[in-house]
Amino acid sequence: MIIKQTNRPNKDLIKKIKKLQSICRKHDELDGGVFLDNSINFNSDMNNIFVYYKDDQLVSYISLFAPNSNEVEVSAYTLPKYRKKGCFKALLSKVIVEISKYEVKDLLFVCEPQSVDGIEVVKKIEAKHEFSEYLLSYNCESEAAKIEVSNELKLSKCEIEDIEKIIEINKTIFNEEYEIAKSKVVKSFDSERIDQYVVSLNNKFIGVVSTNIDNGECSIFGLGILKEYRGVGNGKAMVKKLLKKLNDNEIEDIIIEVDSKNEIAYKLYTACGFEAEMTFNYYRKNI
């Protein structure tokens, strides 16, 4: 048995992880994938991938997503025949040691509702269900996607000279501390995969949104508008303008996640052509 951890997986390890993931997805009839990039984690020095080898074969791994220091999202896969043999437990102990160095107190386990073994594990470690998210996929052929929106909003890529304004608007929209907003914005500028956009009205920044493009799939995240500009169609216009920009760049595989309790956001995205594909449950454990 060998356990390794890293924050910079090489191509060979990524290939092995994706193969393991594919086997587990087929066995458990899962829909989702795992985000391996650590470019927007609050501290890129923190190891975010933990792997367990048995007889030179990768049999289990855990990946961490930690955009802020309050909590880390935990995703894990173990080959079916190696489950209930202590692989996940051994990896999790390494995870706890690692995140404790960075004073992270909470683990947020991601589990699809059809994962019987996954649900059994989160119950065993006494993680409590906190919320669920829907993953929505854009259907450019839907009737909602074909509806055009007329609006004076301007969508443009963020420029480094506007970084302080972008930090402040993120801080206000998402009710974040300055340092958390700054870390997120700076790391996004440094990432090769992430593009940040700002929307303006009458030359004033009123909203932000980001995209992460990996292997042709685009994930939209960090979307928000200042409170005083909500409820009048600006959100829908922003999403529509972003989708048009992505489509103009021949990007059609587009996804977004939304809290299952956020009916306003869910209605906004479906009105723009997104359709629900899968559900993820989140279980919290304080360490």
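Below, each value reflects all heavy atoms present in this structure, side chains not excepted, and no hydrogens, waters or symmetry copies.
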Notebook entry, point to check: Would you find a donor on one side and an acceptor on the other, under 3.5 Å apart, between the side chain of Ser22 and the backbone of Lys18?
Noted result: no
Next item on the list: Show your reasoning for whether side-chain contact (heavy atoms from CB on, under 4.5 Å) applies to Asn212 and Phe221.
Entry: CA-CA 8 Å; Asn212 183 300; Phe221 68 98; 3.9 Å; yes
Item checked: Test ring pair (Phe, Tyr, Trp, His ring centres under 6.0 Å) applied to Tyr269 - qualifying residues, sequence neighbours left out -> none
Notebook entry, point to check: In terms of heavy-atom contacts, does CD of Glu126 have more than 12 from other residues, nucleotides or ligands at under 6.0 Å?
Noted result: no
Notebook entry, point to check: If we only count heavy atoms from C-beta on, is the Ile23 to Leu79 side-chain gap below 4.5 Å?
Noted result: yes
Next item on the list: Please collect all salt bridge (Lys or Arg N to Asp or Glu O under 4.0 Å) contacts where either partner lies in residues 253-276, sequence neighbours excluded, each pair once.
Entry: none
Notebook entry, point to check: Does Asn170 reach the main-chain N or O of Ile166 with its side chain, forming a donor-acceptor pair under 3.5 Å?
Noted result: yes
Check: Within a radius of less than 6.0 Å around CD of Glu228, do more than 12 heavy atoms belonging to other residues, nucleotides or ligands occur?
Finding: yes
Notebook entry, point to check: Is there a donor-acceptor pair closer than 3.5 Å between any side-chain N or O of Thr172 and the backbone N or O of Ile169?
Noted result: no
Check: For the side chain of Asn139 and the backbone of Glu141, is there at least one donor-acceptor N/O pair under 3.5 Å apart?
Finding: yes
Check: Regarding Gln5 and Asn48, is there a side-chain donor-to-acceptor distance under 3.5 Å anywhere?
Finding: no
Item checked: Side-chain ion pair, Glu176 and Lys184, N-O less than 4.0 Å -> yes
Notebook entry, point to check: Rounded to the nearest 0.5 Å, what separation is found between the CD atom of Gln196 and the CG atom of Asp162?
Noted result: 11.0 Å
Determine all donor-acceptor pairs shorter than 3.5 Å in which one atom belongs to a side chain in residues 276-285; sequence neighbours excluded.
{"from": "Glu277", "atom 1": "OE2", "to": "Ser137", "atom 2": "OG", "distance (Å)": "3.4"}
{"from": "Asn281", "atom 1": "OD1", "to": "Ser132", "atom 2": "OG", "distance (Å)": "2.6"}
{"from": "Tyr282", "atom 1": "OH", "to": "Glu133", "atom 2": "OE1", "distance (Å)": "3.0"}
{"from": "Arg284", "atom 1": "NE", "to": "Glu130", "atom 2": "OE1", "distance (Å)": "2.5"}
{"from": "Arg284", "atom 1": "NE", "to": "Glu130", "atom 2": "OE2", "distance (Å)": "3.2"}
{"from": "Arg284", "atom 1": "NH1", "to": "Glu71", "atom 2": "OE1", "distance (Å)": "2.9"}
{"from": "Arg284", "atom 1": "NH1", "to": "Asp106", "atom 2": "OD2", "distance (Å)": "2.9"}
{"from": "Arg284", "atom 1": "NH2", "to": "Glu71", "atom 2": "OE1", "distance (Å)": "2.7"}
{"from": "Arg284", "atom 1": "NH2", "to": "Glu130", "atom 2": "OE2", "distance (Å)": "2.9"}
{"from": "Lys285", "atom 1": "NZ", "to": "Ile125", "atom 2": "O", "distance (Å)": "2.9"}

Checklist line | Gap between atom CG of Leu36 and atom CD1 of Ile49 - 0.5 Å precision | finding: 4.5 Å
Check: Mind checking what makes side chain to side chain contact (heavy atoms under 4.5 Å, CB included) contact with Ile147, not counting sequence neighbours?
Finding: Lys240
Next item on the list: May I ask you to check whether over 12 heavy atoms, not counting those of Asn175, lie within 6.0 Å of atom CG?
Entry: no
Next item on the list: Supply the atom-to-atom distance Leu201 CG to Ile206 CD1, rounded to the nearest 0.5 angstrom.
Entry: 5.0 Å
Note to self: Restricting to ring pair (Phe, Tyr, Trp, His ring centres under 6.0 Å), what partner residues turn up for Phe274, sequence neighbours left out?
What the structure shows: Tyr138
Check: With no hydrogens and no angle check, is any side-chain donor or acceptor of Ser115 less than 3.5 Å from a backbone partner on Cys111?
Finding: no
Checklist line | Any side-chain heavy-atom pair of Ser39 and Ile194 under 4.5 Å | finding: yes
Check: Are Arg83 and Asp28 ion-paired here, with the side-chain N under 4.0 Å from a carboxylate O?
Finding: yes
Checklist line | Partner set under side chain to side chain contact (heavy atoms under 4.5 Å, CB included) for Asp190, not counting sequence neighbours | finding: Val186
Next item on the list: Look at the side chain of Glu73 and the backbone N and O of Leu64, then say whether any donor-acceptor pair between them is shorter than 3.5 Å.
Entry: no
Margin query: Using a 3.5 Å distance criterion without hydrogens, assess whether the side chain of Ser183 forms a donor-acceptor pair with backbone atoms of Glu179.
Written below: no
Next item on the list: Give a yes or no on whether the ring-centroid distance for Tyr61 and Tyr52 is below 6.0 angstrom.
Entry: no
